[in-house]
There are 2 protein chains.
Amino acid sequence: MTDYIHALSIDGVIFGFHENELKVLLLRWKGTDEWSLPGGFIRMQESVDVAAQRVVQERTGLTQLYLRQFHVFGDVNRYDWTELQRRIGFPHGNTEGEWWPRTVSIGYYALVEHSKVEPTPDHLTEACAWWSLDALPNLLFDHNQIIEVALQALRKDLNEQPIGHLLPGAFSIPELQRLHETILGHPLDARNFYKKIMASDELERLPERRRGTPHKAPFLYRFRTEVTV
Amino acid sequence: MTDYIHALSIDGVIFGFHENELKVLLLRWKGTDEWSLPGGFIRMQESVDVAAQRVVQERTGLTQLYLRQFHVFGDVNRYDWTELQRRIGFPHGNTEGEWWPRTVSIGYYALVEHSKVEPTPDHLTEACAWWSLDALPNLLFDHNQIIEVALQALRKDLNEQPIGHLLPGAFSIPELQRLHETILGHPLDARNFYKKIMASDELERLPERRRGTPHKAPFLYRFRTEVTV
DNA sequence: ACAAAAGTGTTAGTGCTACACCCATGA
DNA sequence: TCATGGGTGTAGCACTAACACTTTTGT
């Protein structure tokens, strides 16, 4: 721990999209039923952005990431230490070097392709799983609030550009529409959505259509622009 | 220094508006001609937002502040240590406790009323003064870049709501327009500006007009909403 | 044939842009 | 009276929102 920056951590809100639901990747702490966001500390010789990539990479197995710094959570009393100790037994400011009396956290959100993720717990946790945003448990620390702020940031970004990083490389327009509807939390008009997406000139139609649905086969598209870090 | 969070600092971009120019408040380091942004560290029992308020308060004397966290600067090599040592003689990672081998900085910008500021240097500096954004010197650290990012964030925020915190309590519409033009960096149409501002319903016209100008006396306005922290 | 989803155009409204003239005031 | 800036309306354009029918496909 001595080669990490003390009192400063990363919290990663990893968004996925599956079965028309927006999900986040959570960790269950060893020997408990308590869940939290993935997170980590920053190495002394590591940029904060790189640390965030590492955190998300280690939990998902993914290397190419769409990752955005969205807020710093710096209140003195971000959460109740007594409650935390009761829930996961972590003493306040213990000397093991893993824990600190007060931590400032930099929030990053990642958009990942749900099916490509291999959820992997870290050394403090024993399960890593997707949770629907609509049915989150009461998380450790202030992580419910962090997710809320991340979602607001994601919605704001969505208004500036269509976002497809949560979908597989090839997707239909209605699938993209359902993703946007789920993020924004309200339905969109299919014709208007189609026009707006096409006007953005970010998509290109692929030669094949999606087969195997019991209905009309939709065209498939992909984003012209590639994944950013 | 031991009761401060190590390796994490605040950098404050304090914007003012004077003589139709956007200014930032800078500090000159003792015994040098080198300038930097005001900044500071976070106390162990102090929220990050409060630390940012303190930093800005100490340099300006103002208590009611419009303050926005806009970005975290977390690269390992944010600036050249050799150059820094040459310019202000600060050794890399000295033991005085004032300096650290690597610092992550949280950027805040403040909008203040130029005339109310009493520029005050801190214990490392011997001058505190306004500099026009158009004629900044080569600043210490990565502070030129931080100002650039702050300006971008300010411009973005300006598109969401009219901002008047840089002006005195009572101002004319043309004065507000010149402020917006200066921030955005391009001229605005007076009629369109007037309509948009009025449509926002944020301003109320005061009973008096501005007197003493050699021309038509403009109406004075103020914002309905009050200063936020 | 039927059920379900895909694909697509038109119209109205709203907000942004461009543009010009008269008014008030101090010098 | 003149020079300077203040104050204001209208018309086109672009983007957004509302709305329904035909096509395709598997069952």
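Chain identifiers are assigned alphabetically (A, B, ...) following the order of the sequence lines, protein sequences preceding nucleic acid strands; residue numbering begins at 1 within each chain. All values derive from a computational prediction rather than experimental measurement.
- Within the 6.0 Å centre-distance limit, the rings of A/Phe223 and A/Phe171 are counted as a close aromatic pair.
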Q: Decide side-chain contact (heavy atoms from CB on, under 4.5 Å) for B/Leu188 and B/His180; before the verdict, give the C-alpha distance in whole Å, the side-chain angles of both, and the deciding distance to 0.1 Å.
A: CA-CA 8 Å; B/Leu188 298 170; B/His180 280 227; 3.9 Å; yes
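- Contacts of B/Glu181 classified as salt bridge (charged side-chain N to carboxylate O under 4.0 Å, His left out), with partners at least two apart in sequence or in another chain: none.
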Show the atom names and distances, to 0.1 Å, of all donor-acceptor pairs under 3.5 Å that link a side chain in residues 13-27 of chain A to residues at least two apart or in another chain.
from	atom 1	to	atom 2	distance (Å)
A/Glu21	OE1	A/Lys23	NZ	3.3

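- A cation-pi arrangement, defined by a distance under 6.0 Å to the six-membered ring centre and an angle within 45 degrees of its axis, is present between B/Arg209 and B/Phe219.
- Annotation: side chain to side chain donor-acceptor pair (under 3.5 Å) contacts involving residues 146-155 of chain A, sequence neighbours excluded, are absent.
- Using a 4.0 Å cutoff to heavy atoms of chain B, the contacted part of DNA chain C runs 5' to 3' from C/dT17 to C/dG26.
- For the residue pair A/Asp189/A/Tyr194, the side-chain donor-acceptor check at 3.5 Å is not satisfied.
- Residues from residues 171-194 of chain A placing a heavy atom under 4.0 Å of any atom in DNA chain C, listed by number, are A/Pro174, A/Arg191, A/Tyr194.
- A cation-pi arrangement is absent between B/Arg191 and B/Phe193 under the rule of less than 6.0 angstrom and at most 45 degrees off the ring axis.
- When only modelled atom types and interatomic distance are considered, B/Ser9 and B/Thr103 share no side-chain donor-acceptor pair under 3.5 Å.
- Of the residues in residues 195-221 of chain A, those with a non-hydrogen atom less than 4.0 angstrom from any atom of DNA chain C are A/Lys195, A/His215, A/Lys216, A/Pro218, A/Phe219.
- Taking the six-membered ring where the residue is Trp, the centroids of B/Trp131 and B/Trp35 are separated by under 6.0 Å.
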